[in-house]
Amino acid sequence: MTGNHQTPALLLFSAFVAVTLGITTWVSRNRQGSQEEFYAGGRLFSPMENGFAIAGDYMSAASFLGATGLIALYGYDGLLYVVGFLVALLVVLFLVAELVRNCGRFTLADVVAARMSERPVRIAAGTSSVTVSVLYLVAQMVGAGSLVALLLGNTGEAAQSWAVIGVGALMVIYVSLGGMRATTWIQIVKAVLLLGGTIVLTALVLVRFHGDFDQLLRTAAERSGHGSAFLAPGLKYGGDWTSRFDFMSLGLALVLGTAGLPHILSRFYTVPTAQAARRSAVWSIGLIGGFYLMTIVLGFGAAAIVGPEAVRGSNASGNTAVPLLALDLGGGADSTGGTVLFAVVAAIAFATILAVVAGITLASSASVAHDLYASLRRRHAEPRSEVAVARVAAVGMGVVAIALGLLARDLNVAFLVGLAFAVAASANLPVLMYSLFWRGFTTRGAVWAVYGGLVPALALVVLSPVVSGSPESLFPTVDFQYFPLQNPGLVSIPLGFLAGWLGTVTSAEVADEAKHAETEVRSLTGAGAA
């Protein structure tokens with residue numbers, strides 16, 4: 001990449017950073033000492049504003065960079081991520097949005113603790129939420145590293161490392177100073193930019209093929225080197241039974257994982273009522289659905305116009321397919337149009353990463369302060385001290401995410417997000433569903449459901465090909481691979497539900513039916529909701 005491309009991209013990115021830092025500074029002048037302000041933005045956002053913010057939170061680097069790259073490299077099999085991400089939102093709309101808004105205040109643990117012994121449940125749910133958030137953060141960091149390496153001419157690991165460190169530092173500033181209100185506005189701005197950029201790129205791809213989507217697919221298949229197999233299942237996940245089970249595992253994790261993501265659940269607390277939460281979800285589904293339909297065009301467009309070999313040559317995991325596509329659509333590497341379009345797409349991708357990491361960091365720091373810190377203290381934590389702890393936790397989360405992002409820099413962004421979804425579906429979803437819908441659920445069942453999904457999910461990832469045993473692993477020179485699947489969801493999600501059931505039926509505790517009745521009424525009607 002030449003200096004001509006670097007300069008406008010860096011200027012646009014710097015402009016976005018300046019605007020978002022301005023938003024953060026403006027918001028930080030308002031009162032941020034209360035929990036409701038810091039964690040939920042005062043619950044003052046409208047359904048449309050929150051819908052755009054949810055879309056901004058959800059349309060991450062995994063979607064814009066990772067999923068399109070996988071479609072460009074593997075064709076039909078790459079579509080699994082797009083379909084999984086989209087279908088997952090329907091689970092959130094019908095099972096979670098209103099109920100979570102009515103039952104909780106700031107975090108997932110609030111929903112569960114409403115009818116259980118608070119301390120053990122908050123510690124378990126807080127630990128799980130932080131773990132999921134860290135995994136999701138790592139994916140965004142890897143996306144930032146890949147993008148900057150391309151922007152600066154593939155200058156090597158140093159460029160990626162500084163990109164990861166820079167993104168980590170900015171996300172700490174956004175969260176610690178601005179809280180939920182600043183984070184929400186940053187996500188709204190980012191959602192508008194991302195949707196606008198995606199619409200332009202999609203239109204240019206379709207214009208290139210005169211609106212003939214069939215011709216686009218045929219050209220992509222020809223350039224892929226796989227022919228018609230590129231447009232059929234099995235290129236990535238159909239080689240043997242192991243890859244087929246991996247396909248099922250990933251699909252299960254993507255569809256069920258969103259309902260357990262802490263930063264998505266926390267968004268429903270920023271609106272005043274449960275009805276507003278549902279309308280927020282409807283807005284977000286419309287925006288996100290349109291976006292994912294366009295990523296399909298961009299993925300196959302990258303395969304047809306740039307070619308899988310060029311995509312793989314720039315980044316082995318395909319994370320740079322969209323910027324390369326923009327460069328070609330604008331007229332090529334030496335054209336003004338190519339330079340400008342590449343710069344715009346690179347800046348939008350940076351904005352995407354910054355906005356998403358801010359949302360995830362806020363959710364994880366809220367779990368540390370509101371669940372872990374408040375539970376481990378002997379006496380009740382003061383709201384102001386809790387918010388101070390959340391700000392400190394944001395710094396700690398930034399350091400951890402930076403370190404792990406440097407370690408995992410060569411993995412595909414969408415793939416890393418798939419792991420985060422698997423852990424969320426294994427640990428958070430079972431306890432959430434049981435708490436909302438099972439009258440006889442007990443404290444032991446809640447704790448076992450969390451750890452019964454979390455521990456196996458993490459252990460299976462460590463023992464999988466992701467970590468060791470193959471050239472693409474985190475540690476390719478060693479081999480302690482005992483679990484053949486790359487995604488643990490097929491095993492760990494059922495284990496989470498099984499552990500919750502087993503913990504409940506073996507518990508000596510008698511479920512408090514009055515508390516369940518109160519939770520049920522609150523979840524369905526909103527009576528007594530915060």
If I compare all heavy atoms of P488 with all of V461, which pair ends up nearest, and what's the gap? CG-CG2, 3.7 Å
List the atom of A326, the atom of V345, and the distance in Å for their closest heavy-atom pair. CB-CG2, 3.5 Å
Separation between [atom1] of [X] and [atom2] of [Y], rounded to the nearest 0.5 Å:
{"X": "L206", "Y": "Q215", "atom1": "CG", "atom2": "CD", "result": "12.5 Å"}
{"X": "D77", "Y": "D246", "atom1": "CG", "atom2": "CG", "result": "11.0 Å"}
{"X": "L463", "Y": "Q481", "atom1": "CG", "atom2": "CD", "result": "9.5 Å"}

Checking [X] now: which residues fulfil side chain to side chain contact (heavy atoms under 4.5 Å, CB included) with it, not counting sequence neighbours?
{"X": "I188", "answer": "E49, F52, A53, T184, W185"}
{"X": "E222", "answer": "none"}
{"X": "A55", "answer": "M59, L287, I288"}
{"X": "A276", "answer": "P47, V271, P272, T273"}

Is the backbone of A363 close enough, under 3.5 Å, to the side chain of S367 for a donor and an acceptor to pair up by distance? yes
Between the main-chain N or O of G453 and the side-chain N or O of S492, is there a donor-acceptor pair closer than 3.5 Å? no
Residue list, ring pair (Phe, Tyr, Trp, His ring centres under 6.0 Å) with Y58, at least two apart or on another chain: none
Can you name the residues that form a ring pair (Phe, Tyr, Trp, His ring centres under 6.0 Å) with F247, not counting sequence neighbours? Y237
Can you give the donor-acceptor pairs under 3.5 Å from side chains of residues 292-307 to other protein atoms, not counting sequence neighbours?
{"residue": "Y292", "atom": "OH", "partner": "S63", "partner atom": "OG", "Å": "2.7"}
{"residue": "T295", "atom": "OG1", "partner": "Y292", "partner atom": "O", "Å": "2.7"}

N/O donor-acceptor pairs under 3.5 Å from side chains in residues 224-235, not counting sequence neighbours:
{"residue": "S224", "atom": "OG", "partner": "A221", "partner atom": "O", "Å": "2.7"}
{"residue": "S224", "atom": "OG", "partner": "H226", "partner atom": "N", "Å": "3.1"}

Could you work out, with salt bridge (Lys or Arg N to Asp or Glu O under 4.0 Å) as the rule, every residue matching R279, not counting sequence neighbours? none
Quick note, side chain to side chain donor-acceptor pair (under 3.5 Å) partners involving residues 354-364, not counting sequence neighbours, are none
For residues 187-207, which residue pairs qualify under side chain to side chain donor-acceptor pair (under 3.5 Å), counting only residues two or more places apart or in two chains? D57-Q187, Q187-R267
Which salt bridge (Lys or Arg N to Asp or Glu O under 4.0 Å) pairs, counting each pair once, include a residue from residues 132-142, with sequence neighbours left out? none
